[in-house]
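The block underneath contains the structure these notes are about, expressed in structure tokens.
Positions are given from 1, in the same order as the sequence printed here.
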Amino acid sequence: YVTDGEYESLSPDIRLHEPAGALVAGADGLDVLRRIAEDGPRRLNPGGHLLVELDPKQAEPVAAMLRPQF
């Protein structure tokens, strides 16, 4: 996911073939991941795994969001 401001700078190959709603996730690019972190535990079966694709620079903030949940 990308920030609102990063979307326009994405390669045309991405911008022209992926809807903005599938890529843009708020001012810090983490809005969708926050929803996943909040809702994930209720949707997983016991012992289930949650996998997300993210930018490496988002790894630490997302890990911090998920730690209390899992």
Side-chain angles (χ1 to χ4, degrees):
Y1 300 102
V2 299
T3 68
D4 297 335
E6 291 172 320
Y7 181 72
E8 290 302 319
S9 68
L10 292 175
S11 160
D13 290 342
I14 296 170
R15 273 188 300 107
L16 299 176
H17 301 287
E18 292 288 340
L23 299 172
V24 180
D28 64 358
L30 299 175
D31 287 356
V32 173
L33 293 163
R34 280 188 196 89
R35 288 195 310 266
I36 291 169
E38 181 180 318
D39 201 33
R42 290 189 298 271
R43 295 190 175 268
L44 288 175
N45 290 325
H49 298 279
L50 176 67
L51 303 173
V52 296
E53 181 179 8
L54 49 84
D55 185 306
K57 67 184 176 195
Q58 296 171 324
E60 190 51 42
V62 172
M65 280 185 245
L66 293 173
R67 259 184 224 110
Q69 305 294 324
F70 296 93

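The side chain to side chain contact (heavy atoms under 4.5 Å, CB included) with Ile36 is formed by just one residue from the set Val62, Leu30, Val52; it is Val52.
Considering only residues two or more places apart in sequence or on other chains, Asp55 meets the side-chain contact (heavy atoms from CB on, under 4.5 Å) condition with Lys57, Gln58. In this structure Glu60 satisfies the salt bridge (Lys or Arg N to Asp or Glu O under 4.0 Å) test together with Arg67, sequence neighbours excluded. Qualifying side-chain contact (heavy atoms from CB on, under 4.5 Å) partners for Pro56, counting only residues two or more places apart in sequence or in other chains: none. Under the rule for a side-chain hydrogen bond (donor to acceptor under 3.5 Å, both in side chains), the partners of Asp31 that lie at least two apart in sequence or sit in another chain are Arg34. Taking the salt bridge (Lys or Arg N to Asp or Glu O under 4.0 Å) definition, one finds that Asp39 meets it with Arg42, Arg43, sequence neighbours left out.
By the rule that hydrophobic residues join a cluster once side-chain heavy atoms approach within less than 4.5 Å of another member, Val32 and Leu23 end up as members of separate clusters.
The distance from the CG atom of Leu33 to the CE atom of Met65 is 5.5 Å, given to the nearest 0.5 Å.
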Below 3.5 Å, can you tabulate the donor-acceptor pairs from side chains in residues 12-21 to any protein atom, sequence neighbours excluded?
from: Arg15; atom 1: NE; to: Glu8; atom 2: O; distance (Å): 3.4
from: Arg15; atom 1: NE; to: Leu10; atom 2: O; distance (Å): 3.0

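Here the closest non-hydrogen pair linking Thr3 and Gly29 is CG2-N, 3.6 Å. Among all heavy-atom pairs drawn from Tyr1 and Ala25, the shortest one is CB-CB, 3.7 Å. Minimum heavy-atom separation, Ala27 to Asp4: N-OD2, 3.6 Å.
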